[in-house]
Amino acid sequence: MKTILVTGGTGYIGSHTVVELQTSGYDVIIADNLSNSSADVIDKIEQITGKRPIFIKVDLSDSEQAASIFDKYSIDGIINFAAFKAVGESCQKPIEYYRNNLQIALNMLENMKRKGIKYFVQSSSCTVYGEPDSNPINEQCPTKFAVSPYGNTKQMVEDMLHFITQSGEIKAIALRYFNPIGAHSTALIGELPNGVPNNLMPYITQTAAGIRKQLTVFGNDYPTPDGTCIRDYIHVVDLAKAHVVAMDRLFEGRNKKNFEYFNIGTGVGFSVLDIIKSFEKTTGVKLNYVFGQRREGDVVQIWADTSLAENELGWKANMSLDQMTLSAWRWQQQMQKS
Ligand code: UFG
C-alpha cells in the first residue's frame with residue numbers, strides 16, 4: 001500500500017481527492033493548518049470511505065514543522081494543494097502569497113530530496129494561460145504574464161518543477177484546473193467559503209439559500225453569445241479522480257517526461273447565465289440576480305482542450321453541468337441543516 005501526503009487535504013479539492021485516493025487503495029496523510037477549512041472534514045471522509053486518514057495540523061510553510069512530518073512518517077508521494085487561493089486578496093497581500101505558496105512547495109520538494117521521495121502532483125490552474133488567443137486552449141499554448149500574484153505563484157511553482165525535476169530524482173505532474181464546482185454525492189463534503197464568496201457557484205447557492213440578498217453577474221457586455229463570461233466548469237469529483245490517475249501514472253512509470261502538465265476541464269465552455277439556468281432548472285429555485293459592472297481581471301472566455309489528458313492520462317470528465325449545480329445545492333442545504 002502506498003502512502004500519499006496530501007497537503008491542504010481538508011480543503012475543498014483536497015478533501016474530495018483524499019476520498020478518491022482512499023477508495024482507490026492509497027493510504028493518506030493529510031497535512032493542513034486549517035486556515036481555510038475545518039477538522040470536521042476528517043470525520044466526513046471517514047464516513048464516506050470507512051477509513052480515517054492520518055491528520056496532522058501543521059504550518060507547512062515553516063521548514064522545521066514541515067521536516068518533522070517526513071521524519072515521522074514514510075511517504076511515497078505528495079499531492080500539493082496547500083496554498084492561499086483568493087485572486088483578489090493576493091493583489092492586496094502579494095508578499096504573503098509568494099511566501100506561503102512558494103515556501104510550502106519548496107519545503108515539500110526539499111524534504112522529498114532529503115528522503116528520496118520521487119513523486120509529486122501539483123495543484124495548478126488555467127490561470128497560467130491568462131487571456132487565451134483562441135479556445136479551446138491546449139498545453140502547447142504559452143503561458144502569459146499572470147494577472148494576479150496568486151496566478152503567478154502557480155506559474156512559479158510550475159517553473160520550479162521544470163528545473164527541479166531535471167536531474168530525474170523527482171518526477172512531477174501539474175494539473176491545470178479549470179473551474180471546479182459541485183460537491184460529493186453524499187453532500188458530506190463540499191466547498192466551505194470563508195466569509196463572502198468570491199466564486200460564482202458558492203455565491204449562487206448562498207443567494208438561493210437567502211444568506212446573500214442577490215447575485216451580481218459581473219458584466220453582460222462581453223463579446224460572447226449572451227454577453228457573460230465563459231468558463232470550463234468541472235465537477236470537483238471528476239477533478240479529484242484526475243489526481244489519482246496522475247499519481248498512478250507516476251508510480252507505474254508511465255510518465256513521458258520528468259515534468260508533465262495537463263489541462264483538467266471538461267472541454268466545454270458555459271456562460272454565467274448558463275450556470276444560473278442550470279441551477280434554476282435542477283433545483284427549482286428562482287435565483288435573484290442583477291447585471292453589474294465587469295469584474296477587474298476576469299478573462300472573457302476560456303475552456304480546455306482536454307485531448308492530452310484523455311490520450312495520455314486516460315482521464316475524462318464524466319459529470320454534466322446539471323450534476324454540478326445540483327450537487328452544489330445539496331451541499332448548501334446540508335450545511336444549513338448541520
Ligand atoms: N461571477 C459573477 N458573479 C460573482 C462571482 C463570479 O458574475 O459573484 C462570474 C465571474 O465574473 C466569472 C465567472 O463568474 O465570469 C466565474 O468566476 P469565479 O470567480 O467563480 O471563477 P474565476 O474563473 O474567476 O476563477 C477561477 C478560480 C481561480 C483561478 C481562475 C483562473 O477560482 O482560482 O479560475 O481563471 F485563478
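By convention here, the first residue in the shown sequence is residue 1. Remember, it's 1-based here, ligands and their atoms both numbered in the order they're listed.
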Contact residues of ligand 1 (heavy atom under 4.0 Å), by chain and number: Val87, Ser125, Cys126, Thr127, Tyr150, Asn179, Asn198, Asn199, Leu200, Tyr203, Leu215, Thr216, Val217, Phe218, Cys229, Arg231, Tyr233, Val272, Arg295, Asp298

Under the salt bridge (Lys or Arg N to Asp or Glu O under 4.0 Å) test, residues paired with Glu139 that sit two or more places apart: none

The single option from Glu158, Gln155, Arg176 passing side chain to side chain donor-acceptor pair (under 3.5 Å) against Ser124: Glu158

Salt bridge (Lys or Arg N to Asp or Glu O under 4.0 Å) partners of Lys281, counting only residues at least two apart: Asp322

Contact list for residues 273-320, test ring-ring contact (aromatic ring centres under 6.0 Å, His included), sequence neighbours left out: Phe279-Trp329, Tyr289-Phe291

Shortest non-hydrogen separation from Leu21 to Val28 and the atoms involved: CB-CG2, 3.8 Å

Derivation and outcome, salt bridge (Lys or Arg N to Asp or Glu O under 4.0 Å), residues Arg114 and Asp71: CA-CA 10 Å; Arg114 186 168 69 88; Asp71 290 335; 3.0 Å; yes

